[in-house]
Amino acid sequence: MKKQQICILGSTGSIGTQALDVISQHSDLYEVYCLTANNSAEKLSEQAHKFKPAAVVIANEDKYKELQDLLADEPDIKVYAGKSALEQIVEAEPIDMVLASMVGFSGFLPTINAIKAHKKICLANKETLVTGGKLVCDAVKKNGVKLLPVDSEHSAIFQCLQGMPEKKMLKKLILTASGGPFFGKTVEDLKNVTVNEALNHPNWSMGAKITIDSATMMNKGLEIIEARWLFDVQPENIDVVVHRESIIHSLIEYVDNSVIAQLGLPDMRIPIQYAITYPERYESPVGELSLAQIGKMTFFEPDYDTFKCLRACKKALSLGGVATAIANGANEEANRFFREGKITFLEIGDLVMGAIDNIDNFEPLCVDDVLKADKLAREYVLSKL
């Protein structure tokens, strides 16, 4: 049987490295065709030496020569650089599946191109649907491709929905949130938090940008928007509950008030593997869940007043148009400026809400409209420094 050829966008990040672990477990079924990274030339070369892909792409063109030198002993691996190369490699004919795990809005265009090239999409880049939801869903439908969620919450919902015979039976989706490192804190408590404190996530090991998003609860706001498009449900039918243990990854409620949940240890290799192998299930490298060992699980209402980013995302989703793209672009810039020590933690939420309130909203008719909204949001944040 021919092995499925996989392209991993963002192979050196947390999701990408765990995806390679999954692929290693099932090397009789899957093969890496292409690996990409933004800046990490050394790590990308290490992965390329191990998995022998046909091609690698480094987005930062300044790293091209370094990557070439590191792979000089692998003449069969083609080395490319630049954003355009990143956007084009997904269209390569041998590729069957694209795992979109780049961080942030940078994953939008490559993912759109992969959809247009009729590739199966395993989506870990939530910003693709947050910024261009309707355009992306229309492209998925037009090109007849499978779009499978990799985020643990959306994978959980997707798995729970497998037993639903008709969509009209669904009442609501319930996304779980860990609450991040600042659960239970007040606005006053958060005035002087440091970057290191914000990066200290209690349950998950993630990259810096996503970890800060978890601390502000922006990540959960983005997931609400993503869920709206992934599962074609209205915003009022999506709830959030804070579940500190991160054992229940999300739930669905039917019209008869029966609730179904997906549980597992907080390990991303389960949702990654399910997206890659769907509809099949295979043994995974993840440990077995022991509820007796967990002992108890707790649940709380989210604090929309303290965590303004979460409230901002819900507002953007209710506004429609490019408001969600504006929220995302503003957050990416504000998140970066906080990590660089240029703004305070609480200013992230202020800037995201300010961008939504002060930038004119409009209906996106094409990809360029999404790019325009993203640019306006970033310019707004920069103007406030």
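Fair warning: this is a prediction, and the values are worked out from it, not measured in the lab. Values below: every heavy atom of this structure, side chains too, minus hydrogens, waters and symmetry copies.
In this structure, the side-chain contact (heavy atoms from CB on, under 4.5 Å) partners of Asp374, at least two apart in sequence or on a different chain, are Phe105, Arg378. Lys126 pairs by the side-chain contact (heavy atoms from CB on, under 4.5 Å) definition with Asp151, Asn219, Leu222, Glu223, Glu226, not counting sequence neighbours. With sequence neighbours left out, the side-chain contact (heavy atoms from CB on, under 4.5 Å) criterion links Ala156 to His249, Ser250, Gln262. Scored by the ring pair (Phe, Tyr, Trp, His ring centres under 6.0 Å) test, Phe307 finds no partners at all (sequence neighbours excluded). The salt bridge (Lys or Arg N to Asp or Glu O under 4.0 Å) check on Lys314 picks up nothing, with sequence neighbours excluded. Checked against side-chain hydrogen bond (donor to acceptor under 3.5 Å, both in side chains), Lys3 has no partners two or more places apart in sequence or in another chain.
Side-chain atoms of Arg244 come within 3.5 Å of backbone N or O of Gly180 as a donor-acceptor pair. No side-chain donor-acceptor contact under 3.5 Å links Asn335 to the backbone of Asn331. No donor-acceptor pair under 3.5 Å is formed between the side chain of Glu74 and the backbone N or O of Lys52. No donor-acceptor distance shorter than 3.5 angstrom exists from the side chain of Ser178 to the backbone of Ser246, with no hydrogens or angles considered. Listed for the Ser45 side chain is no donor-acceptor partner under 3.5 Å among the backbone atoms of Leu71. For the pair Asn125 (side chain) and Ser101 (backbone), a donor-acceptor distance under 3.5 Å is absent.
In the hydrophobic clustering of ILVMFWY residues, with side-chain heavy atoms under 4.5 Å counting as a link, Trp229 and Ile224 come out together. Taken together through direct or relayed side-chain contacts under 4.5 Å among Ile, Leu, Val, Met, Phe, Trp and Tyr, Met218 and Ile210 form parts of separate hydrophobic clusters. In terms of hydrophobic clustering, with Ile, Leu, Val, Met, Phe, Trp and Tyr side chains grouped at heavy-atom distances under 4.5 Å, Met297 and Leu251 are assigned to a common cluster. Under a hydrophobic clustering in which Ile, Leu, Val, Met, Phe, Trp and Tyr are joined whenever their side-chain heavy atoms come within less than 4.5 Å, directly or via other members, Leu175 and Phe299 fall into different clusters. If you chain together hydrophobic residues whose side chains sit under 4.5 Å apart, Ile15 and Phe51 fall into the same group.
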Can you list, pair by pair, the side-chain donor-acceptor contacts under 3.5 Å of residues 4-12, counting residues two or more places apart and other chains?
from  : atom 1 : to    : atom 2 : distance (Å)
Gln5  : NE2    : Glu31 : OE1    : 2.8
Ser11 : OG     : Thr36 : O      : 3.2
Ser11 : OG     : Gln47 : OE1    : 2.7

Show every donor-acceptor pair shorter than 3.5 Å between a side-chain atom in residues 136-149 and any protein atom, with sequence neighbours excluded, or say none if there are none.
from   : atom 1 : to     : atom 2 : distance (Å)
Asp138 : OD2    : Lys134 : NZ     : 2.8
Asn143 : ND2    : Ala139 : O      : 2.8

In a table with atom names and distances, give each donor-acceptor pair under 3.5 Å that connects a side chain of residues 342-349 to protein atoms at least two apart or in another chain.
from   : atom 1 : to     : atom 2 : distance (Å)
Lys342 : NZ     : Glu340 : OE1    : 3.1
Thr344 : OG1    : Glu347 : N      : 3.4
Thr344 : OG1    : Glu347 : OE1    : 3.2
Glu347 : OE1    : Thr344 : N      : 2.7

Just distance, no hydrogens or angles: give the donor-acceptor pairs under 3.5 Å from side chains in residues 232-239, sequence neighbours left out.
from   : atom 1 : to     : atom 2 : distance (Å)
Asp232 : OD2    : Lys167 : NZ     : 3.1
Asn237 : ND2    : Lys171 : O      : 3.4
Asp239 : OD2    : Lys172 : NZ     : 2.9

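Residues Ile121 and Ala114 approach most closely at CD1-CB, 3.6 Å, considering heavy atoms. Contact record, Val352 with Cys309: CG2-SG, 4.3 Å, taken as the closest heavy-atom pair. The heavy-atom pair separating Val193 from Phe338 by the smallest distance is O-CE1, 4.1 Å. The two residues Val240 and Ala177 make their nearest non-hydrogen contact at CG1-CB, 4.1 Å. Scanning all heavy atoms of the two residues, the minimum distance from Phe108 to Gly132 falls at CE1-CA, 4.0 Å. Taking each heavy atom of Cys160 and Tyr254 in turn, the nearest pair found is O-OH, 3.8 Å.
Looking only at side-chain heavy atoms (C-beta outward), Phe182 and Asp189 stay at 4.5 Å or farther from each other. A heavy-atom distance below 4.5 Å is found between the side chains of Met268 and Val150. Considering only heavy atoms from C-beta on, Glu332 stays 4.5 Å or farther from Val381 through its side chain. Under the 4.5 Å side-chain criterion, counting only non-hydrogen atoms from C-beta, Tyr80 is not in contact with Gln88. Counting heavy atoms from C-beta outward, Phe158 and His154 have side chains that stay 4.5 Å or more apart. Annotation: side chain of Met217 is not in contact with side chain of Asp303 (no heavy-atom distance under 4.5 Å). Side-chain atoms of Val187 and Asp305, non-hydrogen and from C-beta on, never get closer than 4.5 Å to each other. For the pair Ile276 and Leu29, the minimum side-chain heavy-atom distance is 4.5 Å or more.
Within the model, atoms CG of Leu263 and CD1 of Ile248 stand 4.5 Å from one another, a figure rounded to the nearest 0.5 Å. Within the model, atoms CD1 of Ile58 and OG of Ser40 stand 6.5 Å from one another, a figure rounded to the nearest 0.5 Å. The line from CD1 of Ile270 to CG of Leu265 is 6.5 Å long, rounded to the nearest 0.5 Å. Here the straight-line distance linking atom CD1 of Ile247 with atom CD1 of Ile294 works out to 4.0 Å at 0.5 Å rounding.
Annotation for Glu283: atom CD does not count as buried by contact number, only 12 or fewer foreign heavy atoms lying within 6.0 Å. Counting non-hydrogen atoms of neighbouring residues, nucleotides and ligands closer than 6.0 angstrom, the CG atom of Asp28 exceeds 12 such neighbours. The number of heavy-atom neighbours closer than 6.0 Å to CG of Asp360, taken from other residues, nucleotides and ligands shown, is 12 or below.
If you check the side chains of Ser383 and Glu379, you find no donor sitting under 3.5 Å from an acceptor. Side-chain atoms of Asp21 and Ser24 form no donor-acceptor pair, as typed in the model, at a separation below 3.5 Å. Neither side chain, Gln25 nor Ser284, offers a donor N or O lying under 3.5 Å from an acceptor on the other.
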Quick one: do Lys372 and Asp368 satisfy salt bridge (Lys or Arg N to Asp or Glu O under 4.0 Å)? Show the steps, please.
CA-CA 6 Å; Lys372 176 184 176 182; Asp368 284 345; over 6 Å; no

Passes side chain to side chain contact (heavy atoms under 4.5 Å, CB included), Glu127 versus Met102? Steps please.
CA-CA 10 Å; Glu127 291 84 359; Met102 295 169 64; over 6 Å; no

Might you work through the side chain to side chain contact (heavy atoms under 4.5 Å, CB included) test for Lys375 and Leu371, ending with a clear yes or no?
CA-CA 6 Å; Lys375 184 171 182 287; Leu371 299 178; over 6 Å; no

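Ion pairing between Lys185 and Glu197 fails under the 4.0 Å rule for side-chain N and carboxylate O. Between Lys43 and Glu46 there is no salt bridge, since no side-chain N of the basic residue sits under 4.0 Å from a carboxylate O of the acidic one.
Listed by first and then second residue, the side chain to side chain donor-acceptor pair (under 3.5 Å) pairs that reach into residues 104-122 come to none, sequence neighbours excluded. Sorted by first and then second residue, the salt bridge (Lys or Arg N to Asp or Glu O under 4.0 Å) pairs with a member in residues 81-110 read Lys2-Asp96; sequence neighbours excluded.
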